[in-house]
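Input: a single structure, listed below in structure tokens.
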Amino acid sequence: MKQLKTNVSTKSKSYSEKLLGLLQERNCIDDEELALVSKLQRQSRGRALSVILVDAGVEEDDVQKAVADVSGLQFVKLTTEHIAMDLVEKLGTGWCKNHSVVPVRLEGRAYIASATVDELFLTDDVRKEVTEPLGQLLTSNRDLQNIFENIQNDTSCEQDFEQVEDDAEFEVTETNATVDLQEEATDAESSPVVRIVGEMITKAVREDASDIHFEAGDECAHMRYRIDGVLHELMQAPKSMHSAIVSRLKILANLDIAERRIPQDGRIRATVMGRQLDLRLSTVPTPKGEKVVLRLLDDRNIRIGLHELGFREDALKAWKEEIESPHGIILVTGPTGCGKTTTLYSSLQEMNRKRLNISTVEDPVEYELAGITQIQVHDKIDMTFSRALRALLRQDPDVVLLGEIRDQETASVAIQAAMTGHLVLSTLHTNDAPSSLTRLINIGIEPFLVASAVNGVLAQRLARKVCPKCAQIKTPNKKEAKLLEGYNCEQIPHAVGCSACRGSGYSGRLGVYELLIMDDELRDAIAANPTITSFRNLAIERGMQNLRHDGFAKVADGLTTVDEILRLTT
């Protein structure tokens with residue numbers, strides 16, 4: 001058995017060398033891309049080399065052709081004309097999509113096509129269902145997804161319903177609907193409504209959206225998806241189905257479908273495309289009908305290391321030193337949706353959870369963290385932030401994550417915890433780092449307590465990264481050159497737009513940070529209760545780099561654009 005493992009490892013290494021060598025020979029990859037691939041391989045162990053190559057900017061078709069040649073297979077550009085619908089129906093649309101394979105016919109012969117070599121081992125399983133001889137083909141993931149979308153659009157509502165039920169499974173709690181609501185509940189559970197809800201959520205996962213906005217319009221119901229922080233309308237539904245779709249979502253979240261006059265909040269647990277998700281649902285009444293917003297919470301987002309969030313090297317080193325402090329308060333600030341939770345959870349992942357007693361107080365608990373005690377706030381039973389925090393302080397904690405400092409009582413308990421030997425991490429809603437300290441004073445905390453308890457403040461935003469598929473390098477114009485003085489960049493990226501980024505010119509996001517580290521001079525200034533303007537100026541004199549400075553540094557690194565940083569900062 002040991003000898004077998006050694007042979008497999010040698011074969012895998014030989015395969016990688018052959019693939020990279022063939023791409024170099026065909027001039028499909030340059031030295032810069034090759035270096036990036038090597039770096040990504042070290043950071044992403046377990047990911048297929050073909051996927052890493054595409055992420056590094058190599059054209060997918062070129063990669064797949066090379067993979068096919070190295071593996072001794074045939075690469076084909078597939079279209080909907082090649083689909084063998086009789087075999088698709090025999091195998092099942094859901095099965096084909098879940099395993100990323102599709103049966104096709106070329107020149108009268110049947111083949112199983114896949115975007116990865118590994119999936120082609122399923123051919124033996126397919127032969128049990130299909131009697132005719134089968135060959136093996138390799139295609140691009142883009143072509144495969146286009147084929148799946150066409151199959152989905154061409155099949156009946158019943159077939160689509162089966163497919164979506166494979167892709168999206170929901171845990172539904174029993175509801176106690178009254179007899180008068182049975183007709184509406186039955187309508188909400190009908191196949192077209194179930195199919196649309198499943199498609200809506202599955203598409204959000206496929207597009208890596210963070211939120212879904214479902215709202216009634218004059219002529220139809222609109223489904224808008226927040227992707228990379230910006231809303232895109234990607235789906236519509238008949239206006240007549242708006243009420244039934246809202247009811248279906250409420251049933252899944254165990255909400256009252258009869259109540260349409262007041263806002264409601266709920267939660268849906270779902271398995272979508274093999275991923276476990278929590279969906280936080282919020283409804284509000286409007287003149288045209290209820291608006292529903294779903295926030296998608298995927299625990300993959302909190303497995304990101306601090307080094308992957310976008311910190312520059314000096315800021316990352318300083319932040320790690322702060323979270324290793326034995327006591328004090330560390331604040332993360334910024335508007336809703338700027339990534340504060342991700343930064344805090346990633347910081348907790350850096351800590352030694354076996355040696356430290358780490359506890360959190362949250363509203364709500366968004367992600368479950370192994371080795372950490374998490375407490376949910378419940379205002380209706382008077383389980384407030386301050387009460388939960390007081391209880392935790394009797395549990396011998398080393399580190400406490402407080403979801404948000406909202407009022408004087410919570411802030412006072414947090415200050416007390418920090419000054420009695422605990423490290424407290426929390427959030428505030430302010431525009432920049434210096435404002436957080438004056439905010440604590442404004443809600444009633446004595447300036448000398450703020451000065452002695454707070455160790456540092458991190459303000460952040462999420463900037464969209466330029467799309468690697470279509471980004472162009474250009475010389476900055478006069479306005480941009482003036483803004484970028486001192487950053488040593490003669491060329492900067494320009495967002496163009498292509499099908500891969502939905503015409504936006506951006507794909508993915510990274511953090512833009514403003515880190516304020518308290519020193520003796522800043523503490524003395526806070527104790528004197530300064531104005532926010534004077535304190536901000538002093539912080540910059542003491543070495544703080546503001547959000548715009550960090551953003552322009554990332555423009556100089558070729559990661560984002562001047563327009564994007566101007567959109568986020570003032």
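Remark: the Ser243 side chain and the Arg260 side chain contain an N/O donor-acceptor pair separated by less than 3.5 Å. Side chains of Thr343 and Gln460: a donor on one and an acceptor on the other come within 3.5 Å.
What you find for Glu60 and Ser140 is that their closest heavy atoms are OE2-C, 3.5 Å.
Between Asp218 and Lys239, no side-chain nitrogen of the basic residue sits less than 4.0 Å from a carboxylate oxygen of the acidic one, so the salt-bridge criterion is not met. At a threshold of 4.0 Å, the pair Glu215-Arg224 counts as salt-bridged, since one of the basic side-chain nitrogens sits closer than that to a carboxylate oxygen. In summary, Asp278 and Arg267 engage in a salt bridge, as defined by a charged side-chain N under 4.0 Å from a carboxylate O. The pair Lys554-Glu564 does not meet the salt-bridge criterion, since no charged nitrogen lies less than 4.0 angstrom from a carboxylate oxygen.
Within 6.0 Å of CZ in Arg439 there are 12 or fewer heavy atoms belonging to other residues, nucleotides or ligands. Under a cut-off of 6.0 angstrom, the local environment of CG in Asn141 is crowded, with over 12 non-hydrogen atoms contributed by other residues, nucleotides or ligands.
Side-chain atoms of Glu322 and Leu458, non-hydrogen and from C-beta on, never get closer than 4.5 Å to each other. Contact check for Trp319 versus Ile330: side-chain heavy atoms found under the 4.5 Å cut-off. Within the 4.5 Å cutoff, no side-chain heavy atoms of Val457 are placed close to those of Thr430. Counting heavy atoms from C-beta outward, Ile323 and Leu306 have side chains that approach closer than 4.5 Å.
With Arg295 contributing its side chain and Arg280 its backbone, the two residues share no donor-acceptor pair below 3.5 Å. Within the 3.5 Å criterion, the main-chain N or O of Gly403 finds a donor-acceptor partner in the side chain of Thr427. The backbone N or O of Glu290 lies less than 3.5 Å from a partner atom in the side chain of His242, making a donor-acceptor pair.
Glu514 is linked by a salt bridge (Lys or Arg N to Asp or Glu O under 4.0 Å) to nothing, counting only residues two or more places apart in sequence or in another chain.
In this structure, CG in Leu279 is found 5.5 Å from CG in Leu294, a value given to the nearest 0.5 Å.
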